[in-house]
Amino acid sequence: MFRIHASRFALVLAGGAFIAPSAFAASKDVTPRYDAEHKVFRLDAAGVTYAMGVNADGRLQTLYWGARLAQDDPLGPAQIPPQRSSFDPSAAVTRQEYAGWGGAITTTPALKVRFDDGNRDLVLRYDSYRVEGDGLSIRMDDKQAGVEVTLRYTMDAATGIVGRSAHIENKSRQALTVDEAAAATWSLPAGDYSLRYLTGTWAGEWHLQTRAIAPGSTVLESRRGSTGDENNPWFAIGRGGEWNEEHGDVWFGALAWSGSWRIRVDEDILGQVRVTGGFNTFDFGYRLKPGESLNTPIFYAGYTPDGAGEASRLLHRFERNRILPEGPSAKPRPVLYNSWEATEFKVDEAGQEKLAEKAAALGVERFVVDDGWFGARNSDHAGLGDWTVNRTKFPNGLKPLIDKVHGLGMSFGLWVEPEMVNPDSDLYRAHPDWVLNFPGRQRSEGRNQLVLNLARDDVKAYVTDVLDKLLAENDIQFLKWDYNRNWSEPGWPQMSPEDQQKVYVTYVRNLYDIFRRLRQRHPGLEIESCSGGGARVDLGVMALTDEVWPSDNTDPSDRLSIQDGFSQAYAPATMMAWVTGSPNWVNNRTSSLDFRFLSSMQGGLGIGANLLEWTPADGETARHYIAEYKTIRATVQRGDLYRLVSPQNRAPWSATESVSTDGKQVVLFAFQRQGEEARPFPTLRLRGLDPKAHYRLRFIHGKAMPGTPEVASGAYWMQHGLDLMLKGDLVAAGAVFTRES
């Protein structure tokens with residue numbers, strides 16, 4: 001047995017990042033067990049069992065991950081697979097929990113290191129373990145090489161989701177460089193599997209992809225310095241093509257890391273599947289002197305026998321209760337107004353006050369001033385980095401506007417982009433060395449800006465202090481934290497050449513620490529993570545922010561697919577969705593205000609349209625929907641989501657259903673993008689209702705086919721279903737079912 005101070009993991013396991021305490025809270029319902037006779041470790045929670053054992057060669061080997069087993073079911077001892085041939089040694093086909101690259105291994109390792117003396121061989125064997133509450137720590141090492149790895153396991157009692165990470169320490173007398181470091185490897189036995197994952201681009205995020213898992217590898221990654229929207233660090237694996245929303249074994253996972261990342265899905269020669277995820281190995285090298293250590297991100301994963309829909313609901317529940325900063329006590333997302341579309345950079349005190357009056361009259365609860373309030377910020381060419389109020393636009397500072405907003409009954413928020421700097425700024429003129437760069441090389445701009453190197457202590461201190469001052473001097477409740485370009489020239493000239501690649505880890509650690517410090521110094525502050533839309537959405541940033549921005553694309557029809565893809569991995573409680581102008585700026589598509597509101601009411605409702613252009617009738621429509629939304633948002637944001645009809649692949653229809661945590665309210669949204677050939681909208685058979693209870697139907701907008709009852713049993717709504725009258729293009733309906741008995 002060995003000792004690890006419990007608080008150490010609560011602070012550093014996500015690569016040095018702060019993780020919400022709720023993510024590591026001990027649960028009386030989960031106690032890892034160790035069978036000393038067979039050298040088997042076992043975790044059980046909810047409907048899941050996860051087990052591993054130490055084989056005769058000292059390797060820690062996955063034994064089982066799936067539906068919960070009986071307590072006395074045999075799971076060990078771990079057996080070393082036979083060697084197939086001299087080309088396929090047993091070490092290469094052993095389902096190792098965390099393999100070092102060394103010995104006869106030929107498969108993807110979890111850890112690869114190189115020592116200054118030229119040795120690159122690393123074989124990790126079991127040493128000892130410790131149980132702490134619901135956590136299990138297993139120490140592995142290569143004593144000759146002098147490398148020690150502590151694997152950390154947690155399991156959530158409510159969902160059975162396992163969290164895994166690794167602490168890597170150099171115990172040798174020489175320096176080493178970590179070339180690859182995964183948080184975990186998840187293993188499945190031989191079988192026929194398919195993989196789902198999320199892809200995208202700016203204004204086109206969250207496309208759900210499915211492919212068969214075949215011999216070889218599928219690599220999902222971001223090399224961009226941040227999470228990225230090309231791929232998202234989430235996966236789901238089901239058996240063959242049999243799984244769907246309601247049926248089939250599904251294994252799923254999400255990586256809690258906001259920097260460059262990689263998830264690799266391999267099928268080996270025996271048909272076994274491994275999912276290895278952590279830091280991206282591209283351009284990666286983390287040097288450890290004797291006594292130094294590296295912490296990986298946390299990789300969370302779960303299992304359900306009840307299809308992709310239940311996999312999402314489990315992950316949503318876990319995120320709401322164990323990842324988000326306020327956990328189960330989080331307040332509902334307020335109805336928000338953002339002034340960008342109305343004013344862009346032409347913000348001033350009088351104009352913002354006029355918009356605030358319009359927003360408050362609609363029932364809006366939070367008013368946010370977007371870009372243009374600071375420095376010489378009259379376009380995106382200048383001012384980033386100079387976080388002082390523009391006195392031409394706001395002669396008396398922000399206080400008069402903030403007081404006005406608060407007097408109207410709304411909270412106040414500001415847009416910021418603290419990780420970036422315009423070359424045309426006072427900050428850059430004073431500190432041109434503060435950006436990521438290679439000396440003597442070009443400095444590539446994106447959106448006329450460069451990336452500040454948050455890995456530097458002085459840059460971290462500047463960003464922390466300037467935002468702390470802004471928040472201390474102004475009564476601000478909310479920051480929309482944007483990040484509008486990828487990394488380029490990721491040099492860190494102040495460090496020695498062998499240490500410069502630490503920037504990939506240290507930058508993200510420092511970003512997390514800035515979030516943590518601001519939240520500690522300003523209790524009640526809420527933050528939205530935005531990155532040109534959904535390019536930084538992951539469980540790492542979610543542990544320190546309250547909501548995320550899924551996409552800059554606010555077209556309500558496109559948003560149906562975007563929000564459907566987002567919901568595969570992330571909870572509607574975090575998903576902001578705005579009603580903006582028509583025709584939409586993205587594609588010039590025209591849609592009704594009804595369609596726009598109903599599309600946005602599936603997440604955290606916001607308005608971004610120019611309210612000065614709205615007619616009195618528009619205002620009445622908006623007041624209706626905002627009032628209705630406030631009666632259903634607890635269900636939409638924190639209830640169980642059922643995706644009834646998928647809008648993926650430009651399908652003509654979409655429908656979602658949310659069931660409140662107490663089962664008393666059910667909210668239904670249905671959309672028809674395009675009517676064709678007089679085809680009726682599909683019959684909607686609800687899910688998650690009590691078949692014996694009775695539910696009363698009420699429409700927010702739209703209507704049912706003649707003959708539909710106002711009150712019927714849960715069995716009726718789930719088996720007979722509901723037929724809607726939806727005709728035409730871009731039409732929608734919203735309905736509420738209230739349990740009466």
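Just so you know, these numbers use all the heavy atoms, side chains as well, and skip hydrogens, waters and symmetry mates. Starting from 1, each residue takes its place in the sequence as its number.
- Side-chain polar atoms of Gln563 and Trp206 form no donor-acceptor pair below 3.5 angstrom.
- The CG atom of Leu689 lies 10.0 Å from the CH2 atom of Trp717; values are rounded to the nearest 0.5 Å.
- When the side chain to side chain contact (heavy atoms under 4.5 Å, CB included) test is applied to Ser529, the partners found at least two apart in sequence or on another chain are Arg536, Val541, Thr545, Val548.
- With hydrogens and angles ignored, the 3.5 Å screen pairs no side-chain donor or acceptor of Glu205 with any backbone N or O of Gly533.
- Below 30°, between 30° and 60°, or above 60°: for Phe597 and Tyr625 the angle between ring planes is below 30°, a parallel geometry.
- Within the structure, side-chain hydrogen bond (donor to acceptor under 3.5 Å, both in side chains) pairs that include any residue of residues 596-608 comprise Gln602-Thr656 (at least two apart or interchain).
- Inter-residue side-chain proximity for Leu401 and Phe412 is flagged as met; some heavy-atom pair is nearer than 4.5 Å.
- Under the 3.5 Å distance criterion, with hydrogens and angles disregarded, no donor-acceptor pair is assigned to the side chains of Thr621 and Asp618.
- Residues meeting the ring-ring contact (aromatic ring centres under 6.0 Å, His included) test with Trp234, sequence neighbours left out: none.
- Donor-acceptor pairing under 3.5 Å is lacking for the side chains of Gln449 and Asn484.
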If you apply the rule salt bridge (charged side-chain N to carboxylate O under 4.0 Å, His left out), what do you find for Arg224 with Glu230, and how did you get there? CA-CA 10 Å; Arg224 299 167 181 260; Glu230 186 176 14; 3.2 Å; yes
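- The CZ atom of Arg447 sits 10.0 Å away from atom CE of Met420, with the distance rounded to the nearest 0.5 Å.
- Looking only at side-chain heavy atoms (C-beta outward), Arg317 and Asp640 come within less than 4.5 Å of each other.
- Taking 4.0 Å as the cut-off between side-chain N and carboxylate O, Glu528 and Arg366 do not count as a salt-bridged pair.
- Looking at residues two or more places apart in sequence or on another chain, you find a side chain to side chain contact (heavy atoms under 4.5 Å, CB included) between Arg589 and Asp555, Ser557, Asp558, Asn587, Leu730.
- If you check the side chains of Arg673 and Ser561, you find a donor sitting under 3.5 Å from an acceptor.
- Among all heavy-atom pairs drawn from Ser658 and Leu641, the shortest one is OG-CD1, 3.9 Å.
- You'll find the side chain of Val579 reaches within 4.5 Å of the side chain of Leu593, heavy atoms only.
- Taking a 6.0 Å sphere around CD of Glu676, one finds it holds more than 12 heavy atoms contributed by other residues, nucleotides or ligands.
- With sequence neighbours left out, the ring-ring contact (aromatic ring centres under 6.0 Å, His included) criterion links Tyr483 to no other residue.
- With hydrogens and angles left out, the side-chain atoms of Ser312 and Arg643 include a donor and acceptor closer than 3.5 Å.
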Between Arg698 and Glu628, does a salt bridge (charged side-chain N to carboxylate O under 4.0 Å, His left out) hold up when you go through it step by step? CA-CA 11 Å; Arg698 178 181 68 84; Glu628 287 282 6; 2.9 Å; yes
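- In this structure, Tyr337 has its ring center under 6.0 Å from that of Phe367.
- Between Pro550 and Arg559 the shortest side-chain heavy-atom distance falls below 4.5 Å.
- Considering only residues two or more places apart in sequence or on other chains, Trp243 meets the ring-ring contact (aromatic ring centres under 6.0 Å, His included) condition with none of them.
- At a threshold of 4.5 Å between non-hydrogen side-chain atoms, the residues Arg679 and Trp653 count as touching.
- Residues meeting the side chain to side chain donor-acceptor pair (under 3.5 Å) test with Tyr695, sequence neighbours left out: none.
- When all heavy atoms are compared, the tightest approach of Ala732 to Leu598 is CB-CD1, 3.6 Å.
- Across all non-hydrogen atoms, the minimal contact from Trp585 to Asp552 is CZ2-O, 3.1 Å.
- Heavy atoms from other residues, nucleotides or ligands lying under 6.0 Å from NZ of Lys358 number 12 at most.
- When side chains are defined from C-beta on, Arg333 does not count as touching Thr574, because their heavy atoms never get closer than 4.5 Å.
- With values rounded to the nearest 0.5 angstrom, Ser222 atom OG is found 8.0 Å from Asn231 atom CG.
- In this structure, Arg623 places its CZ atom where more than 12 heavy-atom neighbours from other residues, nucleotides or ligands lie under 6.0 Å away.
- Residues Pro233 and Thr227 meet the side-chain proximity criterion, which asks for heavy atoms closer than 4.5 Å.
- Looking only at distances, no side-chain donor or acceptor of Arg633 sits under 3.5 Å from a matching main-chain atom of Pro332.
- Within the structure, side-chain hydrogen bond (donor to acceptor under 3.5 Å, both in side chains) contacts touching residues 343-354 (residues at least two apart or in different chains) are Ser339-Gln352.
- Using cut-offs of 30° and 60° on the angle between ring planes, the pair Tyr570 and Phe566 is tilted.
- The closest donor-acceptor contact from the side chain of Glu365 to the backbone of Val335 lies under 3.5 Å.
- Residues passing the salt bridge (Lys or Arg N to Asp or Glu O under 4.0 Å) test with Arg519 are Glu326, Asp546, sequence neighbours excluded.
- Under the side chain to side chain donor-acceptor pair (under 3.5 Å) criterion, Glu657 pairs with no residue at all, not counting sequence neighbours.
- Using modelled atom types and a 3.5 Å distance limit, the side chains of Asn584 and Thr554 yield a donor-acceptor pair.
- Nearest heavy atom pair, residue Leu560 against residue Ser654, reads CD1-CB, 4.1 Å.
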Run Lys480 and Asp370 through salt bridge (charged side-chain N to carboxylate O under 4.0 Å, His left out) and show every step you take. CA-CA 8 Å; Lys480 182 178 176 68; Asp370 210 277; 5.5 Å; no
Trace of the ring-ring contact (aromatic ring centres under 6.0 Å, His included) decision for Trp340 with Phe345: CA-CA 8 Å; Trp340 172 253; Phe345 294 104; 5.1 Å; yes
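- Contact of the Leu644 side chain with the Arg685 side chain is not registered, since no non-hydrogen atoms from C-beta on lie closer than 4.5 Å.
- Going from atom CD1 of Ile402 over to atom CG of Asp475 covers 6.5 Å, rounded to the nearest 0.5 Å.
- Applying the side chain to side chain contact (heavy atoms under 4.5 Å, CB included) criterion to Ser741, with sequence neighbours excluded, gives His694.
- Partners of Asn244 according to the side chain to side chain donor-acceptor pair (under 3.5 Å) rule, which considers only residues two or more places apart in sequence or in another chain, do not exist here.
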